[in-house]
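This report refers to the structure that appears directly beneath it.
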Amino acid sequence: MAKEQDKESDKQALLKEMECHKKQMLSNQTVWRKANLSCKMAIDNSEKDELLDGGDATRQRKVTKENLAQSTSGITESLMSISRMMSQQVQQSEVAMHTLATSSRTIQEANEEFKSMSGTIQLGRKLITKYNRRELTDKLLIFLALALFLATVLYILKKRLFPF
C-alpha cells in the first residue's frame, strides 16, 4: 500500500507502521522460540531427574508418560497462546491499515475541495475588481454627461434670455 500512495508523508507513515508490525512479529517469534526451548529443557530435566531417581521401571514409565503428557499439553497451550497473540496483532494491523487508508482518502478529498474553492475565490476576486473599475468608469461618464447637460442648458438659457 505504501508504494501506491501519492504523498510522501503517507508512504512514510505506512512504512513506519509496517516496520512496527515487523518488529512485533519478530518479537513474537523470539518469544515463541524461547518458550519452546524452555519447555524442551524442562522435559529434558524432568526425564534426567526421573532417570537418576531410579525405582520401579513400570512406575517410572507411567510417571514419565504422565509428565510427557503434561509438558506436551503445556507446550501446546503456550503455542496456542502465542498463535492467538500473533492473530490479534495481525487483526490490529489490518484495522490500523484500513483506518490509515480511510483517513488518507478523506484528506485527499478535502485537499481537492480546497483547491476547487481557491479557484472559485480567485474568480470572485477578479469579478469584483472588474466591477469596481466599471463603477468608476460609469461615475465618470455620468459626471461628464451631467456637465454636458448643464452646459447645454446654460447655453440655451443664455441665447434666449440674452440674445446679443
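One is the number of the first residue; the rest follow in order along the sequence. All values reported here derive from a predicted model rather than from experimental measurement.
With rounding to the nearest 0.5 angstrom, the CE atom of M25 is 10.0 Å from the CE atom of M18. With rounding to the nearest 0.5 Å, the separation of CZ in F114 from CE in M117 is 8.0 Å. For the atom pair OG (S38) and CG (N45), the distance works out to 11.0 Å, reported to the nearest 0.5 Å. Atom-to-atom distance recorded for I142:CD1 and T137:OG1 is 11.0 Å, nearest 0.5 angstrom. Interatomic distance, S87 OG to M80 CE, rounded to the nearest 0.5 Å: 10.5 Å. Distance check, rounded to the nearest 0.5 Å: NZ of K40 to CD1 of I75 gives 8.0 Å.
T152 contributes a side-chain N or O that, together with a main-chain N or O of L148, makes up a donor-acceptor pair within less than 3.5 Å. When atom types are taken as modelled, the side chain of S104 and the backbone of L100 share no donor-acceptor pair closer than 3.5 angstrom.
The stretch residues 106-134 participates, sequence neighbours left out, in no salt bridge (Lys or Arg N to Asp or Glu O under 4.0 Å) pair at all. Sequence neighbours left out, not one pair with a member in residues 16-36 passes salt bridge (Lys or Arg N to Asp or Glu O under 4.0 Å).
With no hydrogens or angles considered, no side-chain donor-acceptor pair links Q92 and Q88 at under 3.5 Å.
Qualifying salt bridge (charged side-chain N to carboxylate O under 4.0 Å, His left out) partners for E135, counting only residues two or more places apart in sequence or in other chains: K139.
Using a 4.5 Å heavy-atom cutoff, the side chains of L136 and L140 are not in contact. Inter-residue side-chain proximity for E47 and L68 is flagged as met; some heavy-atom pair is nearer than 4.5 Å.
Considering all non-hydrogen atoms of both residues, N28 and I82 come closest at O-CG2, 4.3 Å.
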**Study point:** R105/T102 under side chain to side chain contact (heavy atoms under 4.5 Å, CB included): CA gap, chis, key distance, verdict
**Key:** CA-CA 5 Å; R105 268 187 257 119; T102 303; 4.3 Å; yes

Check your understanding: Between E8 and Q12, does a side chain to side chain donor-acceptor pair (under 3.5 Å) hold up when you go through it step by step?
Key -> CA-CA 6 Å; E8 188 64 30; Q12 294 300 324; 2.9 Å; yes

